[in-house]
Undergrad: 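Before I ask anything, here is the structure I am working with.
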Amino acid sequence: MKKILAIVLAVAMIASVAMLAGCGQSKQNDAAATADSAKETLTMATNAYFPPYEYYEGDKIIGIDAEVAQAIADKLGMELKIVDIEFDSIITGVQTGKYDMGMAGMTVTDERKQSVDFSDSYATGIQSVIVPENSPITSVDDILAEGATYKVGVQLSTTGDIYISDDLGDAAAERVTQFQTGNDAVAALSSGKVDAVIIDNEPAKSYVAASTGLKILDTEYVSEDYAICFAKDNTALKDKVNGALKELIADGTVKGIVDKYISAK
Ligand code: GLN
């Protein structure tokens, strides 16, 4: 009987030691979880169909913007969260505070500056023209020429859309088709629904490489600066991000990321 009691006691002791150890373990996990969730989140709105700045690799969004944003978040001790939305909704989402910042190969323009604030520029872009290989179009001037009827595809609300729609004036309604993504615009070009696509040069290169029978014209339309946008009343975050960005530009991190995605020319 004594023996049985001893065994029961021993088992109970082992069990309680194990329980205590278990408690300690779960406490540690809790502590780690608290530490992680205590990290402030930096929510970045983007449109992940803009290679090599942002695009999907499996279900992960990668690219120049994703990596620069991660480097900024690391420097600031923040947890980066990337949210993929329509390009057209980024500025409003940032303005209303739904997202902390917008980073989407976004060009700094005077008009956008009225709605949002921009960081320093971290990259440059060019508006290029994609046409079929046998196209008679040799420059934007051919599209804008008196009497021309060429139809142009663009990504809605991008600078390509804004500039060509401005330049075509009244004719824009009939001659400019706005697509939700650059990919859709290029698909329309491949199927002959439009005669040219105006879009940033780096995604233009990816799209042309992925299709057959398309080329990018040598003549550039407009050259521009990319920056991160913030709500106008969020100067504290803008200044913090800008400080981190300045250091990452100065120590060559940003250049390293750009070169990794765009083979150094
Ligand atoms: N650079 C262009 C703009 O800001 C296009 C950006 C994009 O399509 N992601 O309008």
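For ligands, and for the atoms within them, numbers begin at 1 and follow the listed sequence.
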Undergrad: Would you kindly say whether D239 and T235 are connected by a side-chain donor-acceptor distance under 3.5 Å?
TA: no
Undergrad: For D200 and Q127, test the side chains for any donor-to-acceptor distance below 3.5 angstrom and give the result as yes or no.
TA: yes
Undergrad: Does one side chain, of Y261 or E67, offer a donor that lies under 3.5 Å from an acceptor on the other?
TA: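 Yes - a donor-acceptor pair under 3.5 Å links their side chains.
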Undergrad: Atom 7 (C) of ligand 1: which protein heavy atom is closest, and how many Å away?
TA: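 Its nearest protein heavy-atom neighbour is F50 CE1, 3.3 Å.
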Undergrad: I need the atoms of ligand 1 closer than 4.0 Å to a non-hydrogen atom of A104, numbered in the order shown.
TA: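 Ligand 1 atoms under the 4.0 Å threshold to A104: 6 (C), 7 (C), 9 (N).
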Undergrad: What protein heavy atom sits nearest atom 6 (C) of ligand 1, and how far away is it?
TA: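 Its nearest protein heavy-atom neighbour is G105 O, 3.3 Å.
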Undergrad: Which ligand 1 atoms does E224 reach within 4.0 Å, using its non-hydrogen atoms?
TA: 1 (N)
Undergrad: Output, in order, the C-alpha distance, side-chain angles, deciding distance and verdict of side chain to side chain contact (heavy atoms under 4.5 Å, CB included) for L245 and V254.
TA: CA-CA 8 Å; L245 182 60; V254 170; 4.2 Å; yes
Undergrad: Quick one: which ligand 1 atoms are inside 4.0 Å of a heavy atom on D200?
TA: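 Heavy-atom distances to D200 below 4.0 Å select 1 (N), 2 (C), 5 (C).
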Undergrad: Which one holds for M103 and ligand 1: side chain close, backbone close, both close, or neither close, with close meaning a heavy atom under 4.0 Å?
TA: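 Neither part.
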Undergrad: Can you tell which part of T107 has a heavy atom less than 4.0 Å from ligand 1: side chain, backbone, both or neither?
TA: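 For T107, the contact with ligand 1 is made by both the backbone and the side chain.
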Undergrad: Classify the ring geometry between Y226 and Y53 as parallel (under 30°), tilted (30 to 60°) or perpendicular (over 60°).
TA: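 Perpendicular: the ring planes of Y226 and Y53 meet at over 60°.
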Undergrad: When you measure from the side chain of S223 to the backbone of I126, do you find a donor-acceptor pair of N or O atoms at a distance under 3.5 Å?
TA: no
Undergrad: Just to check, does Y53 reach to within less than 4.0 Å of ligand 1 when the distance is taken from its heavy atoms?
TA: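 No.
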Undergrad: Could you identify the single nearest non-hydrogen protein atom to atom 8 (O) of ligand 1 and state the distance to 0.1 Å?
TA: Q155 OE1, 2.8 Å
Undergrad: Using a 3.5 Å cut-off on N or O atoms only, is E54 in polar contact with ligand 1?
TA: no
Undergrad: Considering only heavy atoms of T159, which atoms of ligand 1 have at least one such atom less than 4.0 Å away?
TA: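 Answer for ligand 1: 1 (N), 2 (C), 3 (C), 10 (O).
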Undergrad: Going by distance only, is there an N or O of T158 that falls short of 3.5 Å from an N or O of ligand 1?
TA: no
Undergrad: Locate the shortest heavy-atom distance separating Y163 from T109; write the atom from each residue and the value.
TA: OH-CG2, 4.2 Å
Undergrad: With a 6.0 Å cut-off on ring centres, are F87 and F50 close enough?
TA: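 Here the rings of F50 and F87 have centres that are no less than 6.0 Å from each other.
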Undergrad: Going by the order shown, which atoms of ligand 1 are within less than 4.0 Å of some heavy atom of Y226?
TA: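 This gives 1 (N) as the contact atoms.
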Undergrad: Is there a donor in the side chain of Q114 and an acceptor in the side chain of D110, or the other way round, less than 3.5 Å apart?
TA: no
